[in-house]
Novice: 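Would you mind keeping the following structure in view while I ask a few things?
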Protein chains: 2
Amino acid sequence: MSPAPRAGELRWDIIELLFFAYRDFVGDADHELEAFGFGRAHHRVMHFVHRYPGLKVADLLDVLRITKQSLGRVLKQLLDEGYIVQKTGNNDRRQRLLYATAKGEALVGKLAGLQTDRINRAMQDIDTAGQEVLRQFLRAMIDRDDPDKVLETIFGSGKKPRE
Amino acid sequence: MSPAPRAGELRWDIIELLFFAYRDFVGDADHELEAFGFGRAHHRVMHFVHRYPGLKVADLLDVLRITKQSLGRVLKQLLDEGYIVQKTGNNDRRQRLLYATAKGEALVGKLAGLQTDRINRAMQDIDTAGQEVLRQFLRAMIDRDDPDKVLETIFGSGKKPRE
DNA sequence: AAGATATGTCAACATGACTGACATAAATTT
DNA sequence: AAATTTATGTCAGTCATGTTGACATATCTT
C-alpha cells in the first residue's frame, strides 16, 4: 500500500545529470540549426543518412521511430534544398536509397564538431580505460531487443559504418 | 587502448550512443506516462518539484527553460489533478512555492524506479571508481555559465536536495 | 504614491509528433 | 497473367508542447 518505493535506491543523481547533460548536448546543435531554418528532426535525419549511406526510407523510419508522414515533411525539405539525394535501389527498384550530398555532409560535420568539442572537454581528464567504461555504460543503456539496422551495426559486429 | 582520437576527429560513436541511450532512457517513463494522460513535460515538472520542494515558479521556468505560458498549461493540470500543491511564500506572499503531494511523489517514484532499473542494469559491471568517472563525465557535459537554482545545488556545494 | 516583481491568463502561431485513408510503382505469389 | 503484397508518397486532420505579445492582479520595494 504505502509504496515508499525503494527510497534509498533510486538513482536521482544520474537521472538528473542525464537530463542536463543531454539538454546541453543537443542545445549545441539546436542553436546552429536555427541559422538554416532546420530543427532537431532535420539533424537526426541528416546524421543517420550521412553515417549509413544508402539507408532505405523504411530503415530510417525504424531508427527514428517516427511515422512516414512525419519523416516525409522533413525529408522533402532536405531533398528540395539539396542536403540529401535519393537513388533507386539496384535490386529493388521500389526502394529509395538515401545519401548525403557534399552540402549535407558539411552541415552534419559542423554540428558534430560542436558536439565533439563538448565531449572532448568532458573527457579531457578521463583516461582511456575510463572512456571505455563510458562507452560500455552508454551501450548498456540501450534496448537490445528488436534492434533496428543501425543498432545491429553498432552492436552486431563492432564494425563501424565510417571511420 | 582504443585510439584516443586525434585533434579534429569527430566523436561519432559517442554522439550516436548518447542519442540511443537517452531515447530509451526517457522511453521508459514515456510509456508509463501514457496511462496517466501525461507527457514528458509533466514528468519534468513533477521531477523537479519533488526533488526541490518549495521551488518557486520562476525557478522552475529557469530550470526547464520554457516560457511561463508553456509551463502554465502543464502546471495547471498537475495542480487540478492533485499531483502538486502551491503554498504562498512566507517572506514574499507573491510567490507560489511548489510541493509534490503524496500522489505526485508516488508517480515520480514509479517513473524514477523504471529509469533506475535501466541505470542499475547498465552499471552492474562497473566498479565504484568507474561509476565516479561516469558522474564526472556527465557533470562535465553540462554548461556551467549561468546556472539555474538546481544546477547551483548540484555543482555548488555537492549538498544533495534529498536522500 | 509610484514603480517593479511574481504570477496567471488570453489569443495566435510553429514544430514535430500522431492516425487514417488512399495512390502508385514494383516485386512477389498464385 | 492476374492478384496480392510491399515500399514509398501524400492528403487531411489532430495533439502536445513549445513560442510571442499583451494584459491583469497582488504584493513588495522605493
Side-chain angles (χ1 to χ4, degrees), chain A residues 19 23 26-27 29-31 33-49 54-80 84-99 148-149, chain B residues 19 23 26-27 29-49 54-81 84-99 148-149:
Chain A
F19 169 76
R23 181 188 69 176
V26 296
D30 285 349
H31 220 243
L33 284 160
E34 270 184 45
F36 293 81
F38 290 153
R40 279 186 202 177
H42 302 85
H43 185 193
R44 290 196 288 265
V45 170
M46 282 304 312
H47 170 91
F48 286 109
V49 169
L55 211 57
K56 288 187 297 177
V57 169
D59 292 331
L60 198 45
L61 291 174
D62 257 16
V63 174
L64 300 178
R65 291 194 192 166
I66 58 176
T67 56
K68 66 179 169 182
Q69 295 88 336
S70 207
L71 174 60
R73 272 174 315 201
V74 171
L75 189 53
K76 194 170 188 307
Q77 277 184 274
L78 292 170
L79 288 164
D80 288 349
I84 285 178
V85 289
Q86 290 179 322
K87 295 182 186 173
T88 300
N90 296 327
N91 307 330
D92 188 334
R93 289 164 40 82
R94 290 171 305 180
Q95 297 173 350
R96 299 297 136 81
L97 309 185
L98 303 171
Y99 297 87
D148 53 58
K149 199 178 180 182
Chain B
F19 169 77
R23 180 188 70 176
V26 297
D30 285 349
H31 228 235
E32 187 66 29
L33 284 160
E34 269 183 46
F36 293 82
F38 290 153
R40 279 186 205 179
H42 302 86
H43 185 194
R44 290 195 288 264
V45 170
M46 282 304 313
H47 171 91
F48 286 110
V49 168
L55 210 59
K56 288 187 300 177
V57 170
D59 292 330
L60 198 47
L61 291 174
D62 257 16
V63 173
L64 300 179
R65 290 193 193 164
I66 56 176
T67 57
K68 66 179 170 183
Q69 295 87 335
S70 203
L71 175 60
R73 271 176 313 204
V74 171
L75 190 53
K76 195 171 188 309
Q77 279 183 271
L78 292 170
L79 288 164
D80 288 349
E81 302 187 30
I84 286 179
V85 288
Q86 291 179 321
K87 295 182 185 174
T88 300
N90 295 326
N91 307 330
D92 187 334
R93 290 165 38 83
R94 291 170 303 180
Q95 297 174 349
R96 300 296 136 81
L97 309 185
L98 303 172
Y99 297 87
D148 52 58
K149 199 179 180 181

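Since the model is a prediction, treat every value here as computed from it, not as a measurement. A note on names: the letters A, B, ... follow the listed sequences, proteins ahead of strands, and every chain is numbered from 1.
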Novice: To the nearest 10°, give me the bend of the helix from C/dA1-D/dT30 to C/dT30-D/dA1, comparing the axes of its five terminal pairs at either end.
Specialist: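 Answer for the end axes of this duplex: 20°.
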
Novice: Figure out the CG/C1' separation between B/D30 and C/dC18, and round it to whole Å.
Specialist: 14 Å

Novice: Please report the interatomic distance OG1(A/T88) to CD(A/Q95), rounded to the nearest 0.5 Å.
Specialist: 10.0 Å

Novice: Taking CZ from B/R94 and P from C/dG3, how many angstroms apart are they, rounded to a whole number?
Specialist: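 That distance rounds to 17 Å.
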
Novice: Closest-nucleotide mapping onto DNA chain C: is B/A58 or A/R65 further toward the 5' terminus? I mean the 5' end.
Specialist: B/A58

Novice: Might you point out which heavy atoms bring B/V45 and B/I84 nearest each other, and give the distance in Å?
Specialist: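 That closest heavy-atom pairing would be CG1-CD1, 3.8 Å.
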
Novice: Apply ring-ring contact (aromatic ring centres under 6.0 Å, His included) to B/H43 and list each qualifying residue two or more places apart in sequence or on a separate chain.
Specialist: none

Novice: Can you check the A/N91 CG to C/dA25 C1' distance for me, whole Å?
Specialist: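 Whole-Å distance recorded here is 17 Å.
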
Novice: Rounded to the nearest 0.5 Å, what separation is found between the NZ atom of A/K68 and the CG atom of A/L75?
Specialist: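 Separation between the atoms: 13.5 Å.
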
Novice: Distance under 4.0 Å to a non-hydrogen atom of chain B counts as contact; along DNA chain D, which nucleotides mark the start and end?
Specialist: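 It runs D/dT17 to D/dC28.
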
Novice: Sequence neighbours excluded, which residues qualify as salt bridge (Lys or Arg N to Asp or Glu O under 4.0 Å) partners of B/R73?
Specialist: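 Salt bridge (Lys or Arg N to Asp or Glu O under 4.0 Å) check on B/R73 returns nothing, list empty.
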
Novice: Choose from C/dA17, C/dA26, C/dT9 the nucleotide whose nearest atom is closest to any side-chain atom of A/I66.
Specialist: C/dA17

Novice: Would you mind reading off the distance between A/Q95 atom CD and C/dA25 atom C1', rounded to a whole angstrom?
Specialist: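 The answer, rounded to whole Å, is 13 Å.
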
Novice: Between atom CZ of B/F48 and atom CG of B/L64, what is the distance when rounded to the nearest 0.5 Å?
Specialist: 6.5 Å

Novice: Rounded to whole angstrom units, what separation is found between the CZ atom of B/R23 and the P atom of C/dA17?
Specialist: 13 Å

Novice: Measure the spacing between NZ of A/K56 and NZ of A/K149 and express it to the nearest 0.5 Å.
Specialist: 6.5 Å

Novice: Report the residues that fulfil salt bridge (Lys or Arg N to Asp or Glu O under 4.0 Å) with B/E32, sequence neighbours left out, ordered by chain and then residue number.
Specialist: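 B/E32: salt bridge (Lys or Arg N to Asp or Glu O under 4.0 Å) contacts with B/K110.
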
Novice: Say you draw a straight line from CD of B/E81 to CG of B/L79; how long is it, rounded to the nearest 0.5 Å?
Specialist: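 These two atoms lie 10.0 Å from each other.
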
Novice: Let's go through A/L98 and A/Q86 carefully: what are the C-alpha distance in whole Å and the side-chain angles of both, what is the deciding distance for side chain to side chain contact (heavy atoms under 4.5 Å, CB included) to 0.1 Å, and is it a yes or a no?
Specialist: CA-CA 5 Å; A/L98 303 171; A/Q86 290 179 322; 3.6 Å; yes

Novice: Test side chain to side chain contact (heavy atoms under 4.5 Å, CB included) on B/H42 and B/L78 and set out the steps.
Specialist: CA-CA 7 Å; B/H42 302 86; B/L78 292 170; 4.2 Å; yes

Novice: Between C/dA6 atom C1' and B/L55 atom CG, what is the distance in whole Å?
Specialist: 14 Å

Novice: Between C/dA6 atom C1' and B/L60 atom CG, what is the distance in whole Å?
Specialist: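 Taking atom C1' of C/dA6 as the reference, CG of B/L60 is at 14 Å.
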
Novice: Could you state the interatomic distance from CZ (A/R40) to CG (A/L33), rounded to the nearest 0.5 Å?
Specialist: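 CG of A/L33 is found 9.5 Å from CZ of A/R40.
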
Novice: Applying a 4.0 Å non-hydrogen cut-off, can you work out what B/Q86 is touching in the nucleic acid: base, sugar-phosphate, or nothing?
Specialist: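 Result for B/Q86 = sugar-phosphate.
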
Novice: Quick check: on DNA chain C, is the nucleotide nearest B/K76 upstream (toward 5') of the one nearest A/Q77, or the reverse? Name the residue that is more 5'.
Specialist: B/K76

Novice: May I have the distance from A/L71 (atom CG) to C/dA17 (atom P), rounded to whole angstrom?
Specialist: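 After rounding, the reported distance stands at 9 Å.
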
Novice: Any residue in residues 32-48 of chain B with a heavy atom nearer than 4.0 angstrom to DNA chain C? Just list them by number, or reply none.
Specialist: none

